[in-house]
Amino acid sequence: MSTVTADPPTKKRLSPRKRAQRMRWAQYLVLAIVTVVAISVADWGQIQSVFFRGDMIKETFAQGLPTAFKNTIVYTLGAFVLGLIWGTILALMRLSSVAPYRWLASTYIEFFRGLPAIVVFIAFGLLPLAFPGLVIPFDPYGTVWIALGLVGAAYMAETIRAGIQAVPKGQVEAARSLGMPSGVATRKIVLPQAFRIITPPLTNELILLVKDSSLVYILGLSRDAFELTKYGRDIANTNANLTPLVIAGFCYLLITLPLSMVVRRMEARQKKER
Amino acid sequence: MAASGSHASREVVIQVDDLTKAFGKNEVLKGITTNIHRGEVVCVIGPSGSGKSTFLRCLNLLEQPTSGKVVVDGVEVTDLDCDIDKVRADMGMVFQQFNLFPHLSVLENCTVGQLMVRKRDKADAEKRARTNLERVGLLDKEAAFPGQLSGGQQQRVAIARALSMEPKLMLFDEPTSALDPELVGDVLSVMRKLASEGMTMFVVTHEMAFARDVADRVIFMDGGYIVEEGNPDDVIGNPQHQRTRTFLDRVLNPTKVGQIGGEDAAYAERHAGDEPTDGSGSLPEVPLSTNTRHGGGLHG
């Protein structure tokens, strides 16, 4: 903007609004040029045969896409529920008046948030080495739920803690002054309000979990336990074609886009209520 | 309404003995001793920072007293063995900020305590809740949520919520201070009705007219002490202490202040003696007649 004053006086000066208008035209122009170049340079036949090959689409559906789709959802939901329960416990521990609980919870949260999820899964896959007799129920779902839930809980715990702290102190005082013991006040008064506050961020955690579920192939699962990514990648690798992965990608969007829409609506409603 | 004094018996409901409370180094209560009797309406007045709300909150242990004794209905609540939840269930409390539960309907606000603490069944709890909502004139709002009500309505629901526990006494912590002026009247008339029905009430308030009309006894607090207490006509009508006079003058004639900053000076003066006394044990001196700011125009 300061360049205006540096312009030679002979040059006709544009008014700021005119200049802004021209800038907008220039931006449209750049966009148009990039698009035209991209379209003309790309080999569309080749692109379609790699990403959207008709027979590969059929093949992908036929080999058990619904099962993979279902697995992704089941893995995610189970892990979410587990993470929510464990995360709530961690959040309450972090807010405990007993210092060792606070330390334990903080350590757990920092540990699992700091590690890449993939490292946790690799370690989890090798867990039977450390505990030879270990049997996790609902195999393979149980294993996936626990692995994914342990990581998710660390993230959710921080969200839940923030939600609990966002409930005004007067709410607890009102509950306690009615004679409610501290546990009842937390369960009946604080947590319902906290979860209402954090529903949008928790749904975001759910979306992240949907995507993180793509990492559980590391646990070493049988074919009918594959989730979308592993499933799509397997077919893509055997056929040297990316179409199955593209379809897997669309399936993820099928799950996550409605969820983010829900989040946006909830956030809008919360804003209105305030 | 001063006739409500006839309800007061000599039976002590709350006994407060040399109560002190410090937040860190900040001593808020410096030794409060008083009794509240069955059926008595006690109003506590005093400038902000005088410790009156803290005093009230010490009675049901929302604040943990630093030392001293509080006995409610024969139960020493300051004793570690006391079941405070049981005592609190019998002490209704009304907050300045209402503190209704926003996720529960008006009716549920009035039943949740009964269900969780009194262990009543739902039908019984709702019946009692409706009785009390009717008492505060809000039976038609039972399905509403707190966010849909005006401040005055919320505070009346808060009173109904407390009454639904059928408490033996009620604590009011500045119940009208957060209300728009035109909404104060409804809340006060509910409280008047309650007082005339013989409820034991302990009210921290800035409503001098209410204190004067309804209270059996007025306590004036300043700087963590009870400066003066007695029947409202004496304390409000004919205060004996200079600090009471100054405070009442400022409250009753807010436009009469001689100079800007006068309140700051008055505050500094009141708290001049409040500095920690380094355990010397001596009470800070209470300045009684050093206030010359009004140039004698008041009590000259």
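Note on naming: letters A, B, ... go to the chains in the order of the sequence lines (proteins, then strands), and numbering restarts at 1 for each one. Any value given below was found using the heavy atoms of this structure, including those in side chains, with hydrogens, waters and symmetry copies removed. None of the values given here were measured: they were computed from a predicted structure.
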[X], [atom1] atom: more than 12 neighbouring heavy atoms under 6.0 Å:
| X | atom1 | value |
| --- | --- | --- |
| Y108(A) | OH | yes |
| F131(A) | CZ | no |
| R113(A) | CZ | yes |

Based on non-hydrogen pairs under 4.5 Å, which of K86(B), R161(B), R88(B) is most in contact with chain A? R88(B)
What's the spacing between L178(A) CG and M165(B) CE if we round to 0.5 Å? 5.5 Å
Could you check whether any side-chain heavy atom of [X] comes within less than 4.5 Å of a side-chain heavy atom of [Y], counting everything from C-beta outward?
| X | Y | result |
| --- | --- | --- |
| P102(B) | Q171(A) | yes |
| E173(A) | R57(B) | yes |
| S177(A) | M91(B) | no |
| F101(B) | P192(A) | no |
| R187(A) | M116(B) | yes |

Between H103(B) (side chain only) and K188(A) (backbone N and O only), is there a donor and an acceptor less than 3.5 Å apart? yes
Donor-acceptor pair, side chain of N99(B) and main chain of G170(A), under 3.5 angstrom: yes
If one checks every heavy atom of L100(B) against chain A at 4.5 Å, the contacting part turns out to be backbone
Can you see which heavy atom on M180(A) is nearest to which on V117(B), and at what distance? N-CG2, 3.6 Å
